[in-house]
J.: 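Structure below; questions to follow.
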Amino acid sequence: MSNKLNNNELKAIGIKDEALLEVAGRLAKSLIKNKTYTKEALLAFYKELLKNPDSYTSNELFAELAEEVKSRASLFKKSQAIVQTFELRTNTLAYPIYGTEHISDDAKHQMNAAMQLPVAVAGALMPDAHSGYGLPIGGVLATEPNIIIPYAVGVDIACRMCLSVFDVNAIFLDQKTKLLKQHLLDHTYFGLDGENRDQLSDTIFDLPEWKSTAQIRQLRYKAEKQLGTSGTGNHFVEWGILDITEQTPELKLPKGKYLALLSHSGSRGFGANIATHYSKIAAEQTKLPREAQHLAWLDLNTEEGQEYWIGMNLAGDYASACHHQIHRRLAQAIGSKPVAMIENHHNFAWKETLADGREVMVHRKGATPAGKGVMGIIPGSMTQPGFVVRGKGDSSSICSASHGAGRLLSRSKALKTITRPELKQVLADKGVTLIGGDLDEAPMVYKDINQVMSYQNDLVEVLARFTPKIVRMADPDKRTKGWEG
DNA sequence: ATGTCC
């Protein structure tokens, strides 16, 4: 006879989400083991507690479960906060646009709307900008310091880059192409793959923030399963050649060509849930005219604002941990350790101080932090180089730079116009091996990165150039078309 | 970006 209640038995009486299952299961194990309750008696008791959690919040044994049930009930309750309606300013705050001739009018109109928000302080549009949801991708927006706009951070909170540099000659890439390709196949997981793989241990879940809100507790199990996985769309893990052109302490190595690993991904389902949940709450609390409705904000001086801030920052730490898992697995596979690691968020918000001394909240949605001396990575495409950069601290750009080349073609247009043979040809011409990847991520959907970089000479200094050689992305979307090799 | 339509 089992001495514990299994998840199916608990689910049958209505204990469904992961955080509740954990608490109820743990409690059951000890109470049944020490014979305080029989299984049947405890199930009956749980049913009663679910109906009436308030009656058990001061019960020594069951307070934790009762509180958890109560917090679950209030999670999606409509916020009691005051609904406030705002008008846009009639004047649009001026902002610089880098590479304006290659940026769509859509993206500019979206940025204009952001610069009419009553909470806007400053902004800038990066040379890879294109239209997004709310703030354009490539948009930088500084607001009053107590304001946070979920859609100016983006749905993939802490989408970020991570580069590992190995003290291994780049010749290794040609000599061991097959082996390196196999390592990517064995040690990277995209989309929903790999949720049941063996995990490396990680201290990320020791953070107390995982216990901070009901939503975060509820998402923890999913986050554990997805730790160290990549997403879909433009996410990738790739081996390539890092050509160090400036000797600098940050890159540790002398000028030359080295093996390097570059990854692009974010906070997976965890961050997406935080983002959509608080975007809804922001839209309920902050009513704005139609052209700015997706720029609704939360005030950090409210409970909801504080919760988003905690969730966003935890998503940042989680996304970073995901990259580190990927890099650890692949470093182990090649039997080496990186001598340097460069990384940066490009969908995030930070409390910063402008050059004139004003305290602000800087939202970067598809923009690389480029404060003075701050290291970052600006990827190009599968067939164009990415760049290791050091920020110059340029104040007009709000210490920011582009987060890549930027899209030239929308996903839908790319899927209609680019063919599989065209993609194969361009990869063959450039000597790039691709595992997975759909036509809407083909290199020709992106702007010319060299041109994009030419617009940001005042914003960043290039220290090294990364050329992708073996790329892994999510498999093509099976609903649109198959991948036949 | 997201178990991409609850």
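Predicted model only: the values in this text are computed from it and were never measured. Chain letters run A, B, ... following the sequence lines, proteins first, then strands; residues in each count from 1.
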J.: Return the value, rounded to whole Å, for the distance between atom CG of A:Leu415 and atom P of B:dT4.
T.: 19 Å

J.: Using a 4.0 Å heavy-atom cut-off across all strands, classify A:Asn234 as base, sugar-phosphate, or nothing.
T.: sugar-phosphate

J.: Nearest to the A:Thr232 side chain among B:dA1, B:dG3, B:dT2, which nucleotide is it?
T.: B:dT2

J.: Give the rounded distance in Å between these two atoms: CG of A:Asn347 and P of B:dT2.
T.: 12 Å

J.: Find the distance A:Leu219:CG to B:dA1:C1' and express it as a whole number of Å.
T.: 15 Å

J.: From A:Ser230 OG over to A:Gln325 CD, what is the distance, rounded to the nearest 0.5 angstrom?
T.: 11.5 Å

J.: Where the side chain of A:Lys225 is concerned, which of B:dG3, B:dA1, B:dT2 is the nearest nucleotide?
T.: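 My answer, after comparing the listed nucleotides, is B:dG3.
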
J.: What about the rings of A:Tyr455 and A:Tyr98, do their centers lie closer together than 6.0 Å?
T.: no

J.: Under 4.0 Å between a Lys/Arg side-chain N and an Asp/Glu carboxylate O for A:Glu195 and A:Arg268?
T.: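 Here A:Glu195 does not pair with A:Arg268 in a salt bridge, since their nearest N and O are not under 4.0 Å apart.
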
J.: What I want to check is whether the side chains of A:Thr368 and A:His346 have a donor and an acceptor closer together than 3.5 Å.
T.: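 Side-chain D/A pair, A:Thr368 to A:His346: absent.
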
J.: Atom CD of A:Glu441 and atom C1' of B:dA1: how far apart are they, to the nearest Å?
T.: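 A:Glu441 atom CD is separated from B:dA1 atom C1' by 12 Å.
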
J.: Can you tell me how far P of B:dT4 sits from NE2 of A:His235, to the nearest Å?
T.: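 Rounding to the nearest Å, NE2 of A:His235 and P of B:dT4 are 17 Å apart.
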
J.: Could you state the OH-C1' distance from A:Tyr278 to B:dA1, rounded to the nearest angstrom?
T.: 19 Å

J.: Compute the ring centroids of A:Tyr278 and A:Trp297, then answer whether they are less than 6.0 Å apart.
T.: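 No, the ring centres sit 6.0 Å or more apart.
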
J.: Would one find a side-chain N or O of A:Gln226 under 4.0 angstrom from OP1 or OP2 of B:dG3?
T.: yes

J.: Can you tell which of B:dT2, B:dA1, B:dG3 lies closest to the side chain of A:Arg268?
T.: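 Selected nucleotide (nearest to the side chain): B:dT2.
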
J.: Whether A:Arg160 contacts B:dA1 is assessed here as follows: a side-chain N or O lying under 4.0 Å from the phosphate OP1 or OP2. Is that the case?
T.: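 No, A:Arg160 has no side-chain N/O under 4.0 Å of OP1/OP2 on B:dA1.
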
J.: Have a look at A:Gly266 and say if it touches a base, only the backbone sugar-phosphate, or nothing, with a 4.0 Å heavy-atom cut-off.
T.: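 No contact at all - A:Gly266 keeps every heavy atom at 4.0 Å or more from the nucleic acid.
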
J.: Grab the NZ-P distance between A:Lys222 and B:dT2 for me, whole Å please.
T.: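 To the nearest whole Å, that distance equals 10 Å.
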
J.: Rounded to the nearest Å, what distance is computed from the OH atom of residue A:Tyr151 to the C1' atom of nucleotide B:dA1?
T.: 10 Å

